[in-house]
Amino acid sequence: MSEHVRNYRSLQERCKKIELLILDVDGVMTEGRVTYSGETEVKSFHVRDGSGIRLWQMAGKKVSLISGRNSPATQLRASELGIFPIIQGASDKRPAFRSILSELQLKADQVATIGDDLPDLPLILSSGVGVAVADACEELRCSADYVTTKPGGQGAIRELIEWLLRAQNGWEPLVSGFSVPALEA
Ligand SMILES: [Mg+2]
């Protein structure tokens, strides 16, 4: 068996263990721009990332987020999507990561973390599956198990969720629930 195939199989096995997705916010849930309207911060989130998170939760999985910054818009979006726990203002994300694992009683190999910049690197290296968005910094892309084809804020989270659920044989059952014509439902 080639090294490539062996690594691929090992990654498939690691994907099957994932129960929790930890998201970075700026540059992952958003495109990474910080926009102000007066003193209010305005963020744009991708709706299909949101529906992907719903699908992930329908599969019985959890979603959490760790942000280096503090933003009411992040709190609002997290509440809307049932993302919990959320930790904002984490200048060092490592203690936040340990705190979430402890709160949810999960091990690092049950976590997939997605990020875009250097503060996410320790988490990418510690997670069962570490993921970088397509436009992440080079160090993150080189260290990740998977680099999404979509950039942050443009469906990268949805792509990751679909990829993980396919690896767990959980995608098709969810999709089949949407395949019943409206007049037969
Ligand atoms: Mg970021």
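Every number for a ligand or one of its atoms is a count from 1 in the order of the listing. Heads up: numbering here begins at 1 and tracks the sequence. What you see below is based on every heavy atom in this structure, not just the backbone, and it leaves out hydrogens, waters and symmetry mates.
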Novice: Say whether Ser44 and Glu31, considering side chains only, have a donor N or O and an acceptor N or O under 3.5 Å apart.
Specialist: no
Novice: How many N, O or S atoms of the protein are nearer than 2.8 Å to the Mg ion (ligand 1)?
Specialist: 3
Novice: With salt bridge (Lys or Arg N to Asp or Glu O under 4.0 Å) as the criterion, how do Arg141 and Glu138 come out once you've worked through the C-alpha distance, each side chain's angles and the decisive distance to 0.1 Å?
Specialist: CA-CA 5 Å; Arg141 282 185 282 114; Glu138 184 180 357; 5.5 Å; no
Novice: What residue pairs, at least two apart or across chains, pass side chain to side chain donor-acceptor pair (under 3.5 Å) with a residue in residues 15-27?
Specialist: Glu19-Lys61, Asp24-Lys93, Asp26-Lys43, Asp26-Arg69
Novice: For the pair Lys107 and Asp109, find out whether any cationic side-chain nitrogen is under 4.0 Å from an anionic carboxylate oxygen.
Specialist: no
Novice: Give a yes or no on whether Arg14 atom CZ has more than 12 heavy-atom contacts from other residues, nucleotides or ligands under 6.0 Å away.
Specialist: yes
Novice: Check the pair Leu55 / Trp171 against side-chain contact (heavy atoms from CB on, under 4.5 Å), numbers first and verdict last.
Specialist: CA-CA 9 Å; Leu55 290 167; Trp171 180 252; 3.8 Å; yes
